[in-house]
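Note sheet for the following structure.
Since this is a predicted model, take the numbers as computed values, not measurements. Convention: sequence-line order gives letters A, B, ...; per-chain numbering from 1.
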2 protein chains.
Amino acid sequence: MSSDKLADFVSVNSWQIRKDFSYFGDFGTRGVGYNIENLARQIKKILNLDAVHKTALVGVGNLGSAVLAYPGFGIYGFCITAAFDSDPAKVGRKMNSVSIEDISQLNTLGKREVDLAIIAVPEQYAQEVADALVKAGIKGILNFSPRRINVPKKVKVITIDIATDLARLPYYIPSS
Amino acid sequence: MSSDKLADFVSVNSWQIRKDFSYFGDFGTRGVGYNIENLARQIKKILNLDAVHKTALVGVGNLGSAVLAYPGFGIYGFCITAAFDSDPAKVGRKMNSVSIEDISQLNTLGKREVDLAIIAVPEQYAQEVADALVKAGIKGILNFSPRRINVPKKVKVITIDIATDLARLPYYIPSS
DNA sequence: CTATGTGAATTTATTCACAGCA
DNA sequence: TGCTGTGAATAAATTCACATAG
């Protein structure tokens with residue numbers, strides 16, 4: 001497939017596609033274009049997505065349940081292999097074939113080859129959960145709480161704050 | 001408060017703070033710093049966040065319920081005044097003092113001064129929901145489905161794809 | 001001939017350093 | 001004296017145009 005067609009898919013220009021790819025290598029064939037299958041494989045390798053990443057979920061409330069039920073993780077090689085909550089009524093139950101464990105069991109993650117975690121707890125507990133995750137050897141955290149969490153810089157945190165994202169919209173709409 | 005202190009809060013340099021602010025006006029006082037209250041007011045005005053924005057939620061599953069229960073919208077002036085679902089078992093019930101209406105009622109949003117909407121439905125329905133929202137006069141959409149949705153360019157869409165955000169993490173962690 | 005890959009030109013963003021105001 | 005606001009210098013990203021490979 002040509003860079004022109006790829007560009008259409010993501011609404012950018014063809015030269016942006018080619019230039020960006022060129023920073024990482026020569027993925028295409030001149031006169032022909034890009035082989036999609038090979039391209040996907042190369043990009044996955046660059047993004048370190050070519051192996052399965054075991055992921056832990058902390059907080060099985062509404063948001064956590066939505067994450068557990070989310071069907072879109074597989075294509076990137078993510079697998080949620082552990083879920084934690086502090087509510088005794090939830091601990092021991094299963095959701096989407098994942099057993100919910102007590103929050104005190106976070107320290108077992110290191111031995112279970114889990115390297116990523118998703119924080120979906122009320123914001124006031126976000127920092128202490130993050131501390132426990134770091135202590136357990138987690139390397140990356142997806143943080144759904146609107147609170148800034150402090151971690152050693154060897155640990156990567158990506159925060160999704162729903163309210164802040166929503167707050168970007170009004171700027172683009174004419175004030176009524 | 002000085003630009004130095006503000007910079008610390010968001011982990012950037014003080015000159016970035018000052019330069020960015022300067023593009024929109026003179027908010028500070030030389031030798032003193034910035035008045036936080038006034039600064040917040042000015043920024044809210046620039047981002048068009050100084051009035052209440054009525055917001056509709058479409059899809060009251062796990063994710064939608066989490067959004068409804070989310071306590072962080074108030075400070076930005078958002079108010080979820082309508083919720084929709086296609087499940088007859090949910091329609092008519094109340095969640096967080098918002099009545100759940102049938103999805104067929106989306107066309108009433110225009111008359112109700114709702115200008116923003118949050119899409120939290122399974123991805124295969126995202127486009128048709130977006131179409132209905134546009135027809136009802138919605139100006140901005142926060143899309144939680146991983147699908148690219150097409151809207152007229154007068155409508156602003158911001159997409160949050162959980163899997164894509166999670167997929168950014170492995171790049172930063174050393175491959176095991 | 002077609003479509004990539006990349007130097008060069010252009011535009012945009014970041015960083016610096018300091019004049020100017022409280 | 002202290003801190004802002006901003007021109008000037010530097011760096012980075014984007015866009016262009018085309019040589020080059022298939």
Side-chain angles (χ1 to χ4, degrees), chain A residues 1-50 148 150 153-154 156-161 164-165 167-174, chain B residues 1-50 148 150-151 153-154 156-161 164-165 167-173:
Chain A
M1 181 176 298
S2 70
S3 53
D4 255 324
K5 296 234 179 64
L6 284 170
D8 279 347
F9 277 108
V10 287
S11 302
V12 297
N13 303 100
S14 62
W15 59 76
Q16 289 178 320
I17 294 281
R18 296 201 301 276
K19 176 66 87 176
D20 287 355
F21 285 177
S22 78
Y23 286 123
F24 294 95
D26 297 358
F27 304 136
T29 309
R30 291 173 196 237
V32 179
Y34 299 89
N35 176 282
I36 293 298
E37 205 173 309
N38 178 57
L39 186 62
R41 191 165 43 243
Q42 298 291 335
I43 293 176
K44 278 184 182 171
K45 193 180 294 179
I46 292 164
L47 297 178
N48 197 15
L49 291 172
D50 51 349
R148 194 173 294 278
N150 287 97
K153 61 177 175 300
K154 61 175 180 177
K156 176 72 179 175
V157 176
I158 288 178
T159 295
I160 299 181
D161 180 353
T164 299
D165 286 322
R168 290 166 52 203
L169 281 174
Y171 179 77
Y172 299 95
I173 71 178
Chain B
M1 183 178 294
S2 70
S3 55
D4 256 325
K5 296 233 180 65
L6 284 170
D8 279 347
F9 276 108
V10 288
S11 302
V12 297
N13 303 98
S14 61
W15 62 75
Q16 292 178 318
I17 294 280
R18 295 200 301 276
K19 175 67 87 176
D20 287 356
F21 285 177
S22 79
Y23 287 123
F24 294 96
D26 298 356
F27 304 136
T29 309
R30 290 171 198 241
V32 179
Y34 299 89
N35 177 283
I36 293 297
E37 204 173 310
N38 178 57
L39 186 61
R41 193 165 42 242
Q42 298 290 334
I43 294 176
K44 279 184 181 171
K45 192 180 295 179
I46 292 164
L47 297 178
N48 197 14
L49 291 172
D50 52 348
R148 195 172 292 278
N150 287 97
V151 295
K153 63 176 174 301
K154 62 173 180 178
K156 176 71 179 176
V157 176
I158 288 177
T159 295
I160 299 179
D161 181 353
T164 300
D165 286 321
R168 292 166 51 203
L169 282 175
Y171 178 77
Y172 299 96
I173 72 178

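- Note: B:Arg41 CZ to B:Asp50 CG = 10.5 Å, rounded to the nearest 0.5 Å.
- Summary of the strand contacts: B:Trp15 and A:Gly25 both lie near DNA chain C, and taking for each the nucleotide with the nearest heavy atom, the more 5' one is attributed to A:Gly25.
- Between atom OG of residue B:Ser11 and atom CD of residue B:Gln16 there is a gap of 11.0 Å, rounded to the nearest 0.5 Å.
- If you find the closest nucleotide of DNA chain D to B:Asp4 and to A:Lys19, the one lying nearer the 5' end belongs to B:Asp4.
- Checking C:dA17, C:dT4, C:dT14 against every side-chain atom of A:Ser2, the shortest atom distance belongs to C:dT4.
- Here chain A contacts DNA chain D (any atom closer than 4.0 Å to a heavy atom, that is under 4.0 Å), and the contacts span D:dT14 to D:dG22 from 5' to 3'.
- Side-chain contact between B:Leu47 and B:Ile43: present, with at least one pair of heavy atoms (C-beta onward) separated by less than 4.5 Å.
- Of all non-hydrogen atoms in A:Asp4 and A:Ser14, the two that sit nearest each other are OD1-CB, 3.6 Å.
- If B:Asp20 and B:Gly31 are placed on DNA chain C by their nearest nucleotide, the residue sitting closer to the 5' end is B:Asp20.
- Per the geometry, CZ belonging to B:Arg18 stands 14 Å off P belonging to C:dC18, to the nearest Å.
- Taking CZ of A:Arg18 as the start and OH of A:Tyr34 as the end, the distance is 6.5 Å to the nearest 0.5 Å.
- Contact of the A:Leu39 side chain with the A:Leu6 side chain is registered, since non-hydrogen atoms from C-beta on lie closer than 4.5 Å.
- Looking at heavy-atom distances under 4.0 Å, A:Phe27 makes contact with sugar-phosphate atoms alone, never a base.
- Salt bridge B:Arg168/B:Asp165: present, at least one basic N to carboxylate O contact under 4.0 Å.
- Regarding contacts with the backbone of C:dT2, every side-chain N or O of A:Tyr34 stays at 4.0 angstrom or more from both OP1 and OP2.
- When the P atom of C:dT4 is taken as reference, atom CE of A:Met1 falls 11 Å away, rounded to whole Å.
- Residue-level contact check: B:Ser3 touches the backbone only, with heavy atoms under 4.0 Å from sugar-phosphate atoms and none from bases.
- Using a 4.0 Å heavy-atom criterion, one finds that B:Phe24 contacts no nucleic acid atom at all.
- In this structure, CG of A:Asn13 is placed 14 Å from P of C:dT4, rounded to the nearest angstrom.
- Per the geometry, CG belonging to A:Asp26 stands 18 Å off P belonging to C:dA3, to the nearest Å.
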